[in-house]
Amino acid sequence: METLRVIGGKPLHGEIQTNGAKNAAVAIIPAALLVNGICRIENVPDIRDVGVILEMLTYLGAKVTKVDNNTIEIDSSCVSTYKAPYDLASRMRASYYLLGALLGRFGQAEVALPGGCNFGERPIDLHVKGFKALGATVDIIRGQVEARAGHLKGATVYLDKVSVGATMNIILAATLAEGRTVIENAAKEPHIVDLANFLNAMGARIRGAGTDVIRIDGVKSLGGGSYAIIPDQIEAGTFMIMAAAAGGDVLVKNIIPKHMASLVSKLEEMGVEIEEYDDAIRVVRTSPLKPCDVRTMPYPGFPTDLQPQIVALLTLAEGTSMVTEDVWDNRFQYVGELKRLGADISVQGKTAIIEGGNTLHGAPVRATDLRAGAALVIAALASDGVTVINDPIYIDRGYENIELRLSKIGATIERVYISNG
Ligand code: UD1
C-alpha cells in the first residue's frame with residue numbers, strides 16, 4: 001500500500017514551478033479529436049487524469065506520441081469509432097469532454113456517464129441541453145450517454161447555471177457545426193479561455209471566451225499546430241497556501257497572477273505577505289494568521305477547487321472563520337480527516353465554521369478526493385510530528401510528483417510503500 005509520510009513543523013523556502021493546468025489539459029486533449037492534422041501540446045501535466053484521457057484517445061485509435069514528460073503529439077486522423085471505452089470513461093469526470101468532441105467530429109458519441117471526485121450529485125443536464133439545441137438526440141441507456149445528430153447546426157444556448165463542463169462541451173460540439181452558436185451565461189474560468197485559444201490556434205472561430213457570452217462560428221475543418229497549456233491556477237494556489245501554512249518564503253513560478261486575485265486577497269486579509277511579478281508570486285509568512293470568511297463562486301470568484309485547502313489553512317488562524325461552499329452540494333466530507341489532526345471544524349449546511357488556532361498533531365489520515373488530499377498535505381506540513389496520508393492516488397490525479405517538488409523547498413515528505421501482509 002502506498003502512503004505519503006509528512007513530518008510537519010518546518011518552514012518552506014525556495015522556488016517551486018507550477019505545471020500546466022489539469023482542467024485545461026483534460027479538455028484540450030479530447031479537442032484534438034476535432035483536428036485534422038498533428039497537434040503538438042506543450043506544458044501538459046504528467047498526472048493520472050491526463051494519463052487516463054490519453055489512454056482513452058489511444059483506445060479510440062489516435063496516435064499519441066510522448067515527446068518528453070510534458071509534451072505530446074496527437075494525430076487523430078485514424079480515429080474511426082465514436083464509442084469511448086466504458087471502464088476508462090466511467091473512472092473520471094472529465095471523460096464527458098469526449099461527448100462534445102466525438103459528437104462534433106462524427107455527429108454521434110457514446111460515452112459512459114462520468115465518474116470522478118464525489119461532491120454529491122454531479123448532473124450533466126446542461127451539457128445535454130446544449131447538444132440538443134445543436135440538433136442532437138441524447139439518451140442515457142445502461143449507464144451510457146448516447147448522442148446522435150445527422151448534422152449539427154449552430155444555436156443559442158442559455159446555461160441555467162454557470163457550468164465549466166457544459167460551456168467547454170458545447171464549444172467542442174459547436175466548433176465544426178454549421179453556422180453560429182451562442183452560449184449565454186457561460187463560465188469564465190481560465191481553462192475555458194485556454195480551450196478556445198487552442199481551438200482558434202487550430203483554425204476555429206471562437207470569440208468571447210472569458211466573458212459570459214461566447215460566440216462560435218462553425219468552420220469546415222481544423223488543421224494541426226502547436227499549443228502550450230496555461231499554468232494551473234489551482235496547483236499554484238495550493239502551493240501558495242502551503243507556504244502560508246508552513247511559514248517561510250516561497251516563490252511560486254509559472255503563474256498568471258491575474259488568475260490568483262481572489263486567493264491573493266484572502267491571503268493578504270490573513271496577514272500573509274504577497275509580492276506579484278509578471279509570472280510568479282512570492283509568499284512570505286512570518287507572523288500569526290488572522291481568520292477570514294470565504295465563499296466559493298465561479299471565476300473570478302474564489303475557486304471551489306481551493307476550498308479544502310483554504311479550510312486547512314484557516315484551522316491555523318487564531319479565531320473563527322466561515323467558509324461557504326456555493327458551487328457543490330457536498331464538498332466537506334474531508335473535514336473528518338482534518339479533525340483527526342486536531343482541527344476544530346463544524347459543518348452547518350453549506351458552511352464550515354472553523355475555530356482556528358489549535359496546534360495540529362500528526363496522525364494517520366486518508367485522502368478522500370484530489371483537493372481534500374491537498375488539504376491534508378497542507379495541514380500535515382503545519383502539524384507537529386508525523387502524518388501518514390493514505391490513498392495518495394487521489395493526490396496523484398492532479399499533482400505531479402508532489403513529494404519530490406515539495407522536498408525541494410524544504411518539506412519532509414516521502415512516499416512510503418507499506419506491505420499489506
Ligand atoms: C469543473 C472542474 C472541477 C470544478 C468545477 C467548478 C474539470 C474537469 N472539473 O467541474 O474541478 O470543481 O468545474 O469549478 O474541469 N451543474 C448542473 N448541471 C450540469 C453541470 C453542472 O447543475 O449539467 C452544476 C453542478 O452540480 C455544480 C455546478 O453546476 O453545482 C458547477 O459545475 P461545473 O462547473 O459544471 O463543474 P464541472 O465542469 O463538472
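Note that this is a predicted model, so its numbers are computed, not measured. Computation of the quantities below employed the complete heavy-atom set of this structure, encompassing side-chain atoms and omitting hydrogens, waters and symmetry-equivalent molecules. Every number for a ligand or one of its atoms is a count from 1 in the order of the listing.
Of all the heavy atoms of Arg93, the ones lying under 4.0 Å from any atom of ligand 1 belong exclusively to the side chain. Under 4.0 angstrom from ligand 1, the non-hydrogen atoms of Asp305 all belong to its side chain. In Asp329, neither the side chain nor the backbone holds a heavy atom less than 4.0 Å from any atom of ligand 1. Contact annotation for Met92 and ligand 1: no heavy atom of the residue comes within less than 4.0 Å of the ligand.
In this structure a side-chain-to-backbone donor-acceptor pair under 3.5 Å is missing from Asn254 to Gln17. Judged purely by atom type and a 3.5 angstrom limit, Thr211 uses its side chain to pair as donor or acceptor with the backbone of Val213. A donor-acceptor pair under 3.5 Å is absent between the side-chain atoms of Arg40 and the main chain of Val67, judged by distance alone.
For the ligand labelled ligand 1, residue Tyr299 lies outside the 4.0 Å heavy-atom shell. Residue Gln307 places every heavy atom at 4.0 Å or more from ligand 1.
Considering each of Pro123, Gly130, Ala166, the one bringing a non-hydrogen atom nearest atom 20 (C) of ligand 1 is Pro123.
Atom numbering of ligand 1 starts at 1 in the shown order; those under 4.0 Å from a heavy atom of Gly165 are 35 (O), 38 (O). Close contacts between ligand 1 and Thr304 involve ligand atoms 6 (C), 12 (O), 14 (O) [criterion: under 4.0 Å to a heavy atom]. Less than 4.0 angstrom separates some heavy atom of Leu126 from each of these atoms of ligand 1: 17 (C), 18 (N), 19 (C), 23 (O). Atom numbering of ligand 1 starts at 1 in the shown order; those under 4.0 Å from a heavy atom of Arg331 are 12 (O).
Counting heavy atoms of neighbouring residues, nucleotides and ligands inside a 6.0 Å radius, atom CD1 of Ile140 exceeds 12 of them. By the 6.0 Å contact criterion, CG on Asp68 is enclosed, its count of non-hydrogen atoms from other residues, nucleotides or ligands being greater than 12.
For ligand 1, one of its N or O atoms has an N or O atom of Asp125 under 3.5 Å away. The distance criterion of under 3.5 Å between nitrogen or oxygen atoms is met by Val164 with respect to ligand 1. Close N/O approach between Trp328 and ligand 1 is found [any backbone or side-chain N/O within under 3.5 Å].
Ring-plane geometry between Tyr299 and His259 is classed as perpendicular, the angle between the planes exceeding 60 degrees on a 0 to 90 degree scale with a lower cut at 30.
For the residue pair Tyr334 / Arg366, no side-chain donor-acceptor distance below 3.5 Å is found, with atom types taken as modelled. Side-chain contact, Glu325 with Thr296: a donor N or O sits under 3.5 Å from an acceptor N or O. Side chain to side chain, Thr324 and Asp326 fail the donor-acceptor criterion of an N or O pair below 3.5 Å.
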